[in-house]
Amino acid sequence: MNYRTLGKTNFQVSEIGLGCWQLGNDFGPVEDSTAREILHTAATHGVTFFDTADVYGGGLSEERIGQWRKSLSEPPYIATKVGRDAALYPDGYSKDGIRKSLQASAKRLGVDVIDLAQLHCVPREVLFAGDILAWMEDLQQEGLIRHFGASVEMIDEALFAAEHPKLATLQVLFNMFRQDAIQSLFPVAEHNNVGIIVRLPLASGLLSGKMTQQHQFDANDHRYYNRDGAAFHVGETFNGIPYETGVALADEVKALLPEGQQLVDVALRWILDQPQVSSVIAGATKESQILRNTQASGLPSLSPELHQTLADFYVKNVRQHIRGGI
Ligand SMILES: NC(=O)c1ccc[n+]([C@@H]2O[C@H](COP(=O)([O-])OP(=O)(O)OC[C@H]3O[C@@H](n4cnc5c(N)ncnc54)[C@H](OP(=O)(O)O)[C@@H]3O)[C@@H](O)[C@H]2O)c1
């Protein structure tokens with residue numbers, strides 16, 4: 001596993017991290033024992049950066065991480081998120097409310113100070129009003145959080161947040177099927193020393209290469225109930241691409257890959273080839289997926305020709321299918 005500096009936090013984090021949304025049972029049920037195995041396997045394979053949120057499973061994901069963390073002599077970096085619980089979202093934001101949410105997260109995680117607290121896709125108008133970033137800075141000064149960042153849906157939101165002098169990280173939607181940030185965001189993030197955390201690296205599994213038109217998802221899985229954005233932002237499920245289109249596009253990309261290269265490895269390596277990225281928080285519902293995903297750190301970079309092919313494919317074939325904006 002290779003490690004990279006995470007923006008202004010100066011944390012040295014594994015370039016493959018672990019997204020822990022699934023530990024809240026939001027990708028279908030995950031047993032306690034499986035959750036622990038997933039966390040343990042990730043750590044064993046060098047993962048030192050874990051991303052969760054207070055609302056994943058109503059706190060279950062944080063609780064599971066907190067329980068596991070207690071057993072460790074060298075705890076990893078844990079990033080959580082604030083701003084989507086019912087007390088705050090969509091229009092109940094206050095510094096005191098955020099403090100209370102973060103205190104509850106700290107308790108579930110079993111920490112006194114949260115390593116990294118990220119605003120969790122707060123409404124655009126709330127972000128752009130600016131107070132909420134100032135409150136996060138105050139909470140940092142109070143000692144409740146070591147650093148703060150923002151997880152956002154849109155590039156213009158990322159660009160706004162990146163100008164805050166204390167913002168340490170940005171968590172963005174970025175993958176082979178959503179490439180715009182390379183030109184529009186990454187140079188600014190680099191200039192401002194803001195670490196990029198990549199979510200949905202596999203476009204909710206589309207880029208794993210295993211999805212088929214016939215695949216059935218569990219009714220509790222967001223890939224069933226939020227497929228077209230019925231529950232939350234459409235971009236968070238299959239990257240905003242209609243499922244059937246996404247499967248067809250993934251099949252087309254497979255045909256462009258050099259002999260012997262698998263889509264899942266190329267998708268992760270493609271992200272790691274972007275030097276501004278600090279950590280790729282791939283989700284995993286099975287131990288075997290962790291093994292595969294962590295291996296991407298040791299793979300050679302993709303060839304410039306393949307990068308060009310994938311850039312062209314995105315512009316010509318994928319971009320127009322992304323719903324919900326970029
Ligand atoms: N608003 C926000 O801030 C926000 C929103 C979304 C996500 N996130 C964060 O980003 C993390 C990652 O996002 P995500 O889990 O939605 O998307 P993802 O990483 O693109 O996709 C994860 C899914 O891909 C499949 N997968 C993973 N590795 C695989 C492998 N090696 N082989 C085959 N399939 C594989 C699994 O699907 P199966 O379960 O079908 O096997 C897994 O559930 C989340 O856990 C969360 O921490 C944040």
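Both backbone and side-chain heavy atoms feed into the values below; hydrogens, waters and symmetry mates do not. Indexing begins at 1, ligand by ligand and atom by atom, following the structure's order.
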Indicate whether the side chain of Asp51 and that of Gln171 have a donor and an acceptor atom separated by less than 3.5 Å.
-> yes
Flag the pair Trp135 / Phe148 as yes when their ring centroid distance falls below 6.0 Å, and as no otherwise.
-> no
Give yes if a backbone or side-chain nitrogen or oxygen of Trp21 is under 3.5 Å from a nitrogen or oxygen of ligand 1, and no if not.
-> yes
Does Lys210, backbone or side chain, put an N or O under 3.5 Å from an N or O of ligand 1?
-> yes
If every non-hydrogen atom of Leu272 is compared with every non-hydrogen atom of Ala296, which pair is closest and at what distance?
-> CD1-O, 3.8 Å
Under 4.0 Å from one or more heavy atoms of His120, ligand 1 contributes atoms 1 (N), 2 (C), 3 (O)
Partner of Tyr56 under side chain to side chain donor-acceptor pair (under 3.5 Å), chosen from Glu62, Glu63, Gln22, Lys81 | Lys81
Nearest protein heavy atom to atom 12 (C) of ligand 1, by residue and atom, and its distance?
-> Ile281 O, 3.0 Å
Parallel, tilted or perpendicular: which describes the rings of Phe238 and Tyr243, with under 30° parallel and over 60° perpendicular?
-> tilted
Which one holds for Val264 and ligand 1: side chain close, backbone close, both close, or neither close, with close meaning a heavy atom under 4.0 Å?
-> side chain
Angle class for the Phe11/Tyr77 ring planes (parallel below 30°, perpendicular above 60°, tilted otherwise)?
-> parallel
Given that the side chain starts at C-beta and the backbone is N, CA, C, O, which of these parts of Pro201 lies under 4.0 Å from ligand 1, counting heavy atoms, or is it both or neither?
-> both
Heavy-atom nearest option to atom 27 (C) of ligand 1, drawn from Gly283, Ala282, Ser288, Gly209 = Gly283
Within 4.0 Å of some non-hydrogen atom of Gly19, the atoms of ligand 1 are 11 (C), 44 (C), 45 (O), 47 (O)
Are a donor atom and an acceptor atom from the side chains of Asp273 and His307 found within less than 3.5 Å of each other?
-> yes
Find out whether Ile132 and Tyr93 are in side-chain contact, i.e. whether some heavy atom of one side chain is under 4.5 Å from a heavy atom of the other.
-> yes
With heavy atoms of Ser208 as the reference, note each atom of ligand 1 found under 4.0 Å away.
-> 33 (C), 34 (N), 35 (C)
Answer yes when Arg199 and Glu153 have at least one side-chain N-carboxylate O distance shorter than 4.0 Å, and no when they do not.
-> yes
Is the shortest N/O to N/O distance between Arg292 and ligand 1 below 3.5 Å?
-> no
Does Phe217 reach ligand 1 with a nitrogen or oxygen that is under 3.5 Å from one of the ligand's nitrogen or oxygen atoms?
-> no
Contact between Arg223 and ligand 1, counting heavy atoms under 4.0 Å?
-> yes
Do the ring planes of His222 and Phe232 sit parallel (below 30°), tilted (30 to 60°) or perpendicular (above 60°)?
-> tilted
What is the nearest protein non-hydrogen atom to atom 28 (N) of ligand 1, stated with its residue, atom name and distance?
-> Asn293 ND2, 3.0 Å
Please confirm whether Arg84 comes under 4.0 Å of ligand 1, counting heavy atoms of the residue only.
-> no
Please work out which of the three classes, parallel, tilted or perpendicular, describes the rings of His215 and Phe217, given edges at 30° and 60°.
-> tilted
side-chain contact (heavy atoms from CB on, under 4.5 Å) with Glu157: of Val152, Val122, Val172, Leu119, only one passes, and it is Val152
Got a sec, which hydrophobics cluster with Leu299, joining ILVMFWY side chains under 4.5 Å apart, including via others?
-> none
Give the residue and atom name of whichever protein heavy atom lies nearest to atom 24 (O) of ligand 1, and the separation in Å to one decimal.
-> Gly205 CA, 3.4 Å
Can you check whether His215 has an N/O within less than 3.5 Å of an N/O in ligand 1?
-> no
Among non-hydrogen protein atoms, atom 16 (O) of ligand 1 lies closest to Phe27 CZ, 3.3 Å
Does ligand 1 have a heavy atom under 4.0 Å from the side chain of Lys81, from its backbone, from both, or from neither?
-> side chain
Under 3.5 Å donor-acceptor, Gln274 side chain and Trp270 backbone = yes
Short list, please: which atoms of ligand 1 are under 4.0 Å from a heavy atom of Asp51?
-> 9 (C), 46 (C), 47 (O)
Name the closest protein heavy atom to atom 5 (C) of ligand 1, giving the residue it belongs to and the distance to 0.1 Å.
-> Glu236 OE1, 3.0 Å
Tell me, which protein residue and heavy-atom name are nearest atom 20 (O) of ligand 1, and how many Å apart are they?
-> Leu202 N, 2.8 Å
For ligand 1, which atoms, with element, lie under 4.0 Å from some heavy atom of Leu200?
-> 6 (C), 7 (C), 12 (C), 13 (O), 16 (O), 17 (O), 18 (P), 20 (O)
Numbered atoms of ligand 1 (with element) below 4.0 Å of Cys121, judged on heavy atoms | 1 (N)
How does Lys286 reach ligand 1, by side chain, by backbone, by both or by neither, if only non-hydrogen atoms under 4.0 Å count?
-> side chain
Between Ser61 (side chain) and Cys20 (backbone), is there a donor-acceptor pair under 3.5 Å?
-> yes
Close-contact set for ligand 1 against Ser151 heavy atoms, below 4.0 Å = 1 (N), 2 (C), 3 (O)
Closest non-hydrogen protein atom to atom 4 (C) of ligand 1, residue and atom name please, with distance?
-> Arg199 CD, 3.2 Å
Ligand 1 atoms nearer than 4.0 angstrom to some heavy atom of Thr285 are 38 (P), 39 (O), 41 (O), 43 (O)
Nearest heavy-atom neighbours spanning Asn192 and Lys8 = O-NZ, 2.9 Å
